[in-house]
Amino acid sequence: MNIHKFYSKLSAAFCLAALLLWSCSASTPAQPAKIIFDTDMAEDVDDVGALALLHALADAGEAEILACMVSAPHEYSGPCIDVINTFYGRPNIPIGNVKGFQRGYPQDNGQKIPSNYAQKMAETFPHRLKKSSDAEDAVALYRKILAAQPDKSVQIVSVGFLTNLKNLLNSTADAASPLNGEELVAQKVSRWVCMGAIFPNRGREYNVMMDTGASVRAINDWPTPIVFSGFEIGARIFTANALKSKPETNPIRMGYEWYWDKKENINRESWDLTTVLYAVRGAEPYWKLSEPGKCLMCATHGYGESEWIPFEKGNHRYLIEKMPPAEVGAVIDELLCREPALHSKSQDGQAQTHAENQ
Ligand SMILES: [Ca+2]
């Protein structure tokens, strides 16, 4: 073998090795994102779409849903979540319920959280949880789930009020873990993805202004990174009308229809859905991330307000629009319209098909 042939064979071997390496890395799917989904599913309907989107991403192998937490004081929030989990063939996802929600600051103003759709969904579609207060305490469930997961592996996705996360930070050692809440979060949570606040200007946004005391404690003191899908991100992306192509046996479609109390156009802003999409798929190609900084929460005139303060060592960031909103909406709608993969086995290993739940 002359030197030219030798180098030619060597270079062919390198090319082959490089191709094999590339094809291995291209065909090896990333680990699914481990998600705890914390929702005020009751008043607005984008929580319904967000949980459906999370299930569609779980069906695609991109996400694993560890638990769902209720942050709204509404007895049909938990059953409504259970309806969606059951529809997607995951009836055994644990559900936790909020304790100590306070609307307004410093006093609770006593106003109730309404819902146009939660009770109807619970009364129409198969599920097991009768009322939210039958579910276990969200903080006890958070602690149990987090303690059992590898370090820095869990993302918390909040699309509602922050009462549960305040309570989690304030929690103390229990049977699940000898760590206090802040230590447990620091050890297990890779990041918190929060639908909340408004950027880049000072302002009020519904999720963080409601239980103001909780928002101040949770956001200001959170020990790991937070990425915000601010009000302005979801406000320009309209989704769900594509669900009109689905039958009336689809609880996601019906949730949106009951929310609107009309059937012509059921599109809604996608605040909670963008939060899920970012948590599972990351920023690119949909968004850019802001510079680091701090979303500082305070209370003014009885309700929470946030202000963005950029600084190099801050561990907060927020999403910035990149892909045109209609294109992000099309990605979300396509996922919302996918049929559930209908797991043949439920999460506790018992054979249970979607059909058996009907
Ligand atoms: Ca919400």
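Order of appearance sets the numbers: ligands from 1, and atoms from 1 within every ligand. Heads up: numbering here begins at 1 and tracks the sequence. Side chains included, hydrogens not; waters and symmetry mates left out as well; all remaining heavy atoms used.
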The Ca ion (ligand 1) reached by Glu43 (N, O or S, under 3.0 Å): no
Any N, O or S atom of Asp47 closer than 3.0 Å to the Ca ion (ligand 1): yes
Aromatic centroids of Phe199 and Phe228 separated by under 6.0 Å: yes
Test of ring centre spacing under 6.0 Å for Tyr206 and Phe161: yes
Whether Val159 has an N, O or S atom under 3.0 Å from the Ca ion (ligand 1): yes
Metal check, the Ca ion (ligand 1) vs Asp46 N/O/S, cut-off below 3.0 Å: no
Shortest-distance N/O/S atom, Asp40 versus the Ca ion (ligand 1): OD1
Donor-acceptor contact below 3.5 Å, side chain Glu75 vs main chain Ser132: yes
Partner of Pro251 under side chain to side chain contact (heavy atoms under 4.5 Å, CB included), chosen from His127, Met121, Lys120: Met121
Worked check of side-chain contact (heavy atoms from CB on, under 4.5 Å) between Glu339 and Lys246: CA-CA 9 Å; Glu339 285 300 308; Lys246 311 309 281 186; 2.8 Å; yes
The Ca ion (ligand 1) to Asp272: nearest N/O/S atom name: OD2
